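Working notes, beginning with the structure itself.
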2 protein chains.
Amino acid sequence: MQRFKAEFFKALAHPLRIRILEVLAEGEKSVNEIQTHVGSEGSAVSQQLQILRAKNIVSGTKDGNKVIYTLKDPMIIELLAVARQIFNNHLVDTITILDRFKDDEEVPAAPKN
Amino acid sequence: MQRFKAEFFKALAHPLRIRILEVLAEGEKSVNEIQTHVGSEGSAVSQQLQILRAKNIVSGTKDGNKVIYTLKDPMIIELLAVARQIFNNHLVDTITILDRFKDDEEVPAAPKN
DNA sequence: GTAATCTATTATTATATATTCAAATAATCA
DNA sequence: TGATTATTTGAATATATAATAATAGATTAC
C-alpha cells in the first residue's frame, strides 16, 4: 500500500512530468503537442512519458505514426489541484512571515519575548 | 512552481514518510509515538522527519526532552485521501482485467478480436 | 552535583536509484 | 527512399536510501 503510494509520488516528483500531466489534464495530446506545450525536446519528453506509462498514470494510443496520450485516471487532476492548494497555502505562510519580519523591523523596541 | 511541486512529491515518495504522515493525520504525536506506530527504529524515523521538516510538511515543537510533531497543512490529509482513491481505482482496474482474463480462459473458443 | 537514563538528532558511508543528454533505433507516411 | 514521429539505449553525473555510530539536550536517580 505505502509502497504503491511511494512509487506513485515518485512518478510525480519531477518538474517535467508534472508539466506533462498538467498539459494532459486539459485533454488528450500527441507527443508532438506535449513537446510544444512543455518546451522540451523529444527524447526527454518520450522518456518521461515512459515513466508515467510504467506507473500506469498515462496511456498512449497509436494513431498512424503519432501516439495520443491520456490520463488513465481523471483524479490525477484533483491531486494536482490539492497540491497546488498546498503550495498556495505555503506561499501565503511565507508571505505572512515576511510581513511579520517587516513589522518587527519597523518597531525597533519590540518586546524581548 | 513545478519545481516546488516536484520537491513536495519527492518528500512523499517514500513508504516510511507516507506512513509517518498518515500517523500524524490522526493528530499530533511525539517521535516515540510515531516510532511505535510505524514500527521503525529511532534514527530512521528521525531522519525521515528531518526531510519532512525541511520541506515544511511537518513541524516539531519541543516539550521537555520530547518533540511533538504536527502536519503543517491539514490539506495533506486530503492529498493522501486522493492518492488512496487513485490506488483503489487502480486496484479495481487491475481486478477487472484479471476477471476478463479469467473469463477468456473459461471460454476456449473466444472470438479472435 | 554528577552520573545514568531517556529522547531525539546528526554524521558517515556504502549502495541503490534517478536524471540528463545525445546517439541510435523503430515504425509510419509521403 | 527520405521525412516524420516516437522510443530506446548508453553512459556520466546527481541524488536518495539505509544502517550504524556518534552526538546533543533534557530528565531522573543517587
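So that the names make sense, note that chain A is the first sequence line, chain B the second, and so on, each numbered from 1. Given the structure is predicted, the values throughout are model-derived calculations rather than measurements.
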For atom CG of A:L16 and atom C1' of C:dC21, their distance in whole Å: 13 Å
Value in whole Å for how far the C1' atom of C:dA16 lies from CD of A:E7: 13 Å
Distance (rounded to the nearest 0.5 Å) between A:Q2 CD and A:F9 CZ: 10.5 Å
Nearest-Å distance for atom pair CG/P, residues B:L49 and C:dT10: 10 Å
Sugar-phosphate only, base, or nothing, as touched by B:G42 at under 4.0 Å among non-hydrogen atoms: base
Most 5' of A:Q47 and B:K66 on DNA chain C, judged by nearest nucleotide: B:K66
A:Q48 CD - D:dT8 C1' separation (whole Å): 14 Å
Of the listed nucleotides C:dT9, D:dA18, D:dT7, the one nearest the side chain of A:S46: D:dT7
Atom-pair distance (CD1 on B:I18; P on D:dT17), nearest Å: 11 Å
B:L12 CG - D:dA16 C1' separation (whole Å): 15 Å
Side chains of B:R17 and B:I51 in contact at under 4.5 Å (non-hydrogen atoms): yes
Separation of A:H90 NE2 from B:I57 CD1 (nearest 0.5 Å): 9.0 Å
Sugar-phosphate, base or nothing in reach of A:S43, heavy atoms under 4.0 Å: base
Distance below 4.0 Å between A:Y69 side-chain N/O and D:dT5 OP1 or OP2: no
Cationic N near anionic O, under 4.0 Å, B:E22 to A:K5: yes
Phosphate OP1/OP2 of C:dA8 contacted by B:R53 side-chain N/O (<4.0 Å): no
Per A:N65 side chain, nearest of listed nucleotides D:dT4, C:dA8, D:dA6: D:dT4
Residue pair B:A6 / A:I18: nearest heavy atoms and the distance that separates them: N-CD1, 3.4 Å
Pairwise 5' ranking along DNA chain C for A:K10 and A:D63, keeping only the more 5' one: A:K10
Protein-nucleotide distance (B:Q50, atom CD; C:dA11, atom C1'), rounded to Å: 12 Å
Rounded distance in Å - CG (A:N32) to C1' (C:dC29): 14 Å
Touch class at under 4.0 angstrom, heavy-atom based, for B:E41 against every strand present: base
